[in-house]
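Count residues from 1 along the sequence. When a ligand or atom number is given, it counts from 1 through the structure's own listing order.
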Amino acid sequence: MDSKLFIYNTLTRTKEKFEPLHPPLVGLYVCGPTVYSDVHLGNCRTFVMFDLIYRYLLHLGYKVRYVRNITDAGHLEGDMDEGDDKFAKKARLEQLEPMEIVQKYTLGFHDVMRLFNALPPGIEPTATGHIIEQIEMVKQIIENGYAYEVNGTVYFDVEKYCKEFNYTILTNRQLDDLLENTRELGGQNEKRGRLDFALWIKAKPEHIMQWPSPWGTGFPGWHIECSAMSSKYLGNSFDIHGGGMDLAATHHTNEIAQSQACNRVQPAKYWMHTNMLTVNGTRMSKSKGNGFLPYELFTGSHNLLKRGYSPMSVRFFMLQAHYRSTLDFSNEALEASDKGFKRLINAYGLLNKLNPSPKSDIDLKSLIQRCYAAMNDDFNSPVLIAELFEAVHIINSIYDEKIAATLSDIEGLNKLMKDFVIDVLGLKEESNQTDDLGKLLDFIINLRSEAKVSKDYATSDKIRIGLNSIGIQLKDNKEGTTWSKM
Ligand code: AMP
Ligand code: ZN
């Protein structure tokens with residue numbers, strides 16, 4: 001398969017022609033959410049962007065094995081293997097079991113992804129479901145000489161690794177700067193080097209989630225889960241590894257080190273990173289407390305919002321920025337996206353109402369080529385959307401009979417819109433449920449009025465009582481009949 005797709009590879013800092021290791025198969029691993037709280041809109045941006053990437057690879061005909069993990073253990077509050085376990089802390093706060101916390105926020109995450117019309121991954125492995133694989137990997141890293149155990153905790157030996165490999169290969173940072181900027185910590189004395197990180201952590205007695213291991217009871221460090229699960233399902237070397245940009249410096253840097261130390265190969269050929277969603281220029285994050293929850297956006301209940309926006313308008317808002325650019329949240333931008341999305345989807349709805357003509361005023365072939373060129377250029381969705389607005393302009397002009405199109409033009413436009421708007425961008429028509437209910441009740445109220453006019457009081461009463469039983473109350477007055485929910 002010879003695709004013209006180019007991907008920006010964080011590892012080489014260049015756009016490279018996409019050449020999968022085993023075409024037409026493509027292995028795609030994306031770091032999933034840490035399910036101790038609701039996902040915020042920033043997290044959603046990353047997952048929606050990888051949904052776009054997944055969808056386009058499928059559209060090109062690749063057979064993609066898409067793995068996105070769920071982090072449900074091993075996350076400490078500090079970034080240096082210290083602090084409270086996030087799951088245990090939340091469990092205490094909500095008076096639930098840690099696994100109830102995991103279940104609650106995993107279900108919530110799935111609901112949100114469904115609302116955003118994101119395709120589910122083929123495999124969604126959890127950290128707690130792969131403790132054995134993680135222990136095996138830690139054992140191998142120790143055996144290969146790149147990790148050491150101190151008092152029930154196993155650390156990765158970064159200094160030893162640096163003698164043979166480039167530890168900062170992903171971010172190109174200077175090791176000296178990194179050392180200078182790394183704090184000394186209380187627990188640091190266990191570590192041989194300042195940059196060493198935990199592969200396995202000894203559990204304190206009160207720690208709820210703990211497992212037996214060759215080093216005593218404990219739990220895995222955060223980074224090892226992705227190394228263990230990606231190699232289990234995609235092999236030691238696979239095609240694409242992705243996540244948000246904030247993961248590159250630590251989580252992904254350590255993943256590469258672990259996989260190299262264990263398997264002696266670079267785990268992924270292409271590393272892809274999405275840029276951040278920001279609010280007034282500051283990164284949206286759980287810890288900063290500036291995170292919008294998706295439902296606050298849909299209902300408009302957040303105090304920074306002028307009104308609610310539908311999931312598809314928000315998805316469109318995200319798609320209007322390239323995945324490697326920052327995207328700043330604002331009411332104005334959302335308002336514009338809402339209008340843009342409606343224009344696009346309305347034009348899609350007009351396609352079956354167009355009248356074909358024997359002559360053609362349009363050059364569809366070049367438009368289709370430009371759409372592919374946009375996506376082949378590192379998944380450039382904003383340029384694709386600009387091209388699709390060209391298609392919208394054409395569709396509206398044919399509808400208004402300002403230009404002519406043949407039957408095959410119209411079929412071609414239909415395919416273009418279906419391929420790119422529905423399949424690749426993952427947008428779909430949305431029905432406004434309140435509007436739909438209103439229209440349905442207006443229709444029923446009309447039927448009832450007609451029954452009353454023809455003195456069929458039995459039917460009119462049956463409708464009123466029937467609606468009553470499902471919580472809808474009708475009120476007759478001089479102007480007619482109104483309804484309300486009881
Ligand atoms: P977490 O649940 O914190 O592990 O994050 C899940 C994913 O969301 C990771 O890939 C993060 O890099 C990503 N992420 C976190 N904050 C943002 C943000 N403000 N914008 C875009 N992606 C983000
Ligand atoms: Zn990960």
Inset, instruction - Could you please spell out the steps behind the ring-ring contact (aromatic ring centres under 6.0 Å, His included) verdict for Phe379 and Tyr8? - result: CA-CA 9 Å; Phe379 308 93; Tyr8 181 86; over 10 Å; no
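- Scanning Gly42, Gly243, Gly244 for the heavy atom closest to atom 23 (C) of ligand 1 points to Gly42.
- Of all atoms in ligand 1, numbered sequentially from 1 with element shown, those under 4.0 Å from a heavy atom of Thr46 are 10 (O), 13 (C), 21 (C), 22 (N), 23 (C).
- Taking every non-hydrogen atom of Asn275 and a distance limit under 4.0 Å, the qualifying atoms of ligand 1 come out as 21 (C).
- No donor-acceptor distance shorter than 3.5 angstrom exists from the side chain of Asp157 to the backbone of Tyr146, with no hydrogens or angles considered.
- Using 4.0 Å as the threshold, Asp246 has a heavy atom nearer than that to some atom of ligand 1.
- Between Tyr295 and Asp38, the side chains place no donor N or O within less than 3.5 Å of an acceptor N or O (distance only, hydrogens not considered).
- Given atom 1 (P) of ligand 1, the protein heavy atom at minimum distance is Thr34 OG1, 3.8 Å.
- Considering only non-hydrogen protein atoms, atom 17 (C) of ligand 1 sits nearest to Met276 SD, 3.5 Å.
- Scanning the protein for heavy atoms near atom 15 (C) of ligand 1, the closest one is Asn43 ND2, 3.2 Å.
- Proximity of the aromatic rings of Phe317 and Tyr309 is defined here by a centroid distance below 6.0 angstrom, and this criterion is not met.
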Inset, instruction - Take Phe298 and Phe292 through the test ring-ring contact (aromatic ring centres under 6.0 Å, His included) and record every step on the way to the result. - result: CA-CA 10 Å; Phe298 303 151; Phe292 281 85; over 10 Å; no
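- Taking every heavy atom of Pro33 and a limit of under 4.0 angstrom, the matching atoms of ligand 1 come to 2 (O).
- Counting only heavy atoms of the protein, atom 9 (C) of ligand 1 lies nearest to Leu247 CD1, 3.9 Å.
- Heavy-atom contacts of Phe47 reach the following atoms of ligand 1: 6 (C), 7 (C) (cutoff under 4.0 Å).
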